[in-house]
Amino acid sequence: MSQPIIKRKVVLPDLGRAYQKVFGDIISDLTPAKDLMFNLASMNVKDEYLFQHAVDVAVLSGIVGIAKGYNRNQLTELGVGALLCDIEMTTVADDLWKREGSLTLEQKDLIQKHTIEGFEILRKQHDISLLSAHCALQHHERFDGSGYPRGLRGKEIHEYAQIAAIADVYCALTSARAYLFANGNQWFDVNLIKIFCNHIAVFPVAATVLLNTGQVGVVSSVNPDASHRPFVRIVKESNGEPPAAAYEIDLRKQMNLTIVKEL
């Protein structure tokens with residue numbers, strides 16, 4: 001399940017390969033916990049997005065853990081917590097969690113309770129770390145204290161939950177990188193955001209992108225130290241015509257050029 005997002009998003013392939021094995025071990029370790037596996041299966045039945053989102057959040061969280069030098073036990077705690085942080089969403093009515101408009105106070109309360117109820121499910125599992133359970137409890141807390149359920153701020157939020165929160169928001173947004181940096185030290189610890197963004201590519205190799213000049217290109221390689229400004233091979237000029245000769249642009253050196261969106 002984790003392979004597609006690793007192939008597309010990880011800037012340093014060695015990290016992706018390393019975490020694939022760890023993630024496989026995590027799934028194997030969880031398999032005997034029938035209640036949890038049932039809940040994961042329920043995610044897939046309820047909505048395929050919920051399940052895939054859970055897998056993607058776990059994979060990206062684990063990549064950050066490896067980049068930070070976490071040991072095997074820490075990676076397992078983080079990976080399990082990130083995978084299961086929305087475990088209680090299966091009981092939330094579709095018209096609530098899919099709703100795009102504003103919610104009433106009562107509806108917000110119902111949504112926010114999934115963090116507490118998810119924590120209660122996980123903390124009762126004898127083979128799951130309490131730190132993993134805190135990913136469910138705290139992954140909607142925000143660095144500036146504006147999150148829920150307890151309004152924790154800064155270092156009061158466990159680092160596992162902070163990492164899972166960044167991955168959660170990233171996976172839910174189309175233009176994640178600009179959004180994450182804009183909320184550095186407001187919603188998230190800016191140092192964790194830097195690690196995340198240095199190892200997770202917004203525009204992966206082979207992605208077709210539109211530049212602010214109107215040119216269309218294909219990402220040919222990613223700069224490990226600036227993954228948001230990759231090498232782009234131009235396939236269509238701003239006038240809609242193909243280039244006279246093939247060429248590519250290093251966006252790290254062409255600061256006046258930016259990627260508007262992935263096509």
Side-chain angles (χ1 to χ4, degrees), residues 36 39 43 49-50 53-54 56-58 60-65 67-68 70 74 77-125 128-197 200:
L36 293 180
N39 282 341
M43 278 189 183
Y49 166 80
L50 274 179
H53 180 78
D56 290 349
V57 169
L60 297 184
S61 295
I63 298 302
V64 175
K68 282 188 61 65
Y70 280 4
Q74 290 172 312
E77 289 177 331
L78 171 61
V80 169
L83 180 67
L84 302 175
C85 64
D86 276 330
I87 198 71
E88 187 60 19
M89 286 297 287
T90 55
T91 66
V92 177
D94 286 354
D95 62 339
L96 283 184
W97 75 268
K98 290 183 178 180
R99 188 184 182 97
E100 295 183 1
S102 59
L103 299 172
T104 66
L105 290 177
E106 183 179 7
Q107 289 170 331
K108 285 182 180 179
D109 185 57
L110 287 172
I111 288 285
Q112 292 180 9
K113 278 183 178 176
H114 89 273
T115 58
I116 298 171
E117 292 169 357
F119 172 72
E120 289 298 323
I121 289 174
L122 297 183
R123 78 177 184 87
K124 292 174 183 176
Q125 301 292 322
I128 287 184
S129 165
L130 190 61
L131 295 180
S132 297
H134 272 78
C135 283
L137 182 63
Q138 298 181 350
H139 73 287
H140 283 292
E141 300 286 1
R142 295 295 179 254
F143 206 70
D144 62 356
S146 64
Y148 63 84
R150 296 170 58 197
L152 302 179
R153 62 174 62 236
K155 298 302 181 181
E156 294 174 343
I157 309 166
H158 194 277
E159 188 167 88
Y160 294 167
Q162 292 191 56
I163 292 171
I166 293 171
D168 179 50
V169 170
Y170 174 92
C171 289
L173 294 173
T174 303
S175 301
R177 178 176 296 270
Y179 186 86
L180 290 177
F181 271 121
N183 286 282
N185 280 345
Q186 181 179 350
W187 272 23
F188 309 113
D189 182 334
V190 72
N191 292 316
L192 288 178
I193 292 173
K194 287 177 180 176
I195 293 173
F196 185 95
C197 290
I200 309 299

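Keep in mind that the numbers below use all heavy atoms, side chains included, and drop hydrogens, waters and symmetry copies. This chain uses plain numbering: 1 for the first residue, then up along the sequence.
- Separating the CZ atom in F188 from the CG atom in D144 is a distance of 10.0 Å, to the nearest 0.5 Å.
- Of the inter-residue distances, the one linking H53 atom NE2 with D56 atom CG reads 8.0 Å to the nearest 0.5 angstrom.
- E141 and L152 get closest at one heavy-atom pair: OE1-N, 2.9 Å.
- Within the 4.5 Å cutoff, no side-chain heavy atoms of F119 are placed close to those of I87.
- Minimum interatomic distance between L78 and S61 (heavy atoms only, all atoms of both residues): CD2-O, 3.2 Å.
- The shortest distance between side-chain heavy atoms of I121 and E117 does not fall below 4.5 Å.
- Under the side-chain contact (heavy atoms from CB on, under 4.5 Å) test applied with V57, the options D168, L84, V169, L83 reduce to a single match, D168.
- Between R142 and I157 there is no side-chain heavy-atom pair separated by less than 4.5 Å.
- Taking all atoms of both residues into account, the shortest heavy-atom contact from S129 to E77 is OG-OE2, 3.2 Å.
- Taking NE2 of H140 as the reference point, atom CH2 of W187 lies at 10.0 Å (rounded to 0.5 Å).
- For the pair Y70 and I163, the minimum side-chain heavy-atom distance is below 4.5 Å.
- A distance of 14.0 Å separates CZ in R150 from CD in Q112, rounded to the nearest 0.5 Å.
- Of all heavy-atom pairs between P149 and L137, the closest is CD-O, 3.1 Å.
- Taking CD1 of I166 as the reference point, atom CG of D189 lies at 7.0 Å (rounded to 0.5 Å).
- In this structure, the side chains of Q138 and Y160 stay at 4.5 Å or more apart for every pair of heavy atoms.
- Taken to the nearest 0.5 Å, the NE2 atom of H139 stands 7.0 Å off from the OG1 atom of T115.
- Under the salt bridge (charged side-chain N to carboxylate O under 4.0 Å, His left out) criterion, the residue pairs touching residues 158-167 are K68-E159, with sequence neighbours excluded.
- Checked against side-chain hydrogen bond (donor to acceptor under 3.5 Å, both in side chains), R153 has no partners two or more places apart in sequence or in another chain.
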Could you walk me through whether V190 and K194 pass side chain to side chain contact (heavy atoms under 4.5 Å, CB included), step by step? CA-CA 6 Å; V190 72; K194 287 177 180 176; 4.3 Å; yes
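- What you find for G118 and A136 is that their closest heavy atoms are C-CB, 4.0 Å.
- The two atoms that bring A161 and C135 nearest to each other are N-SG, 4.0 Å, heavy atoms only.
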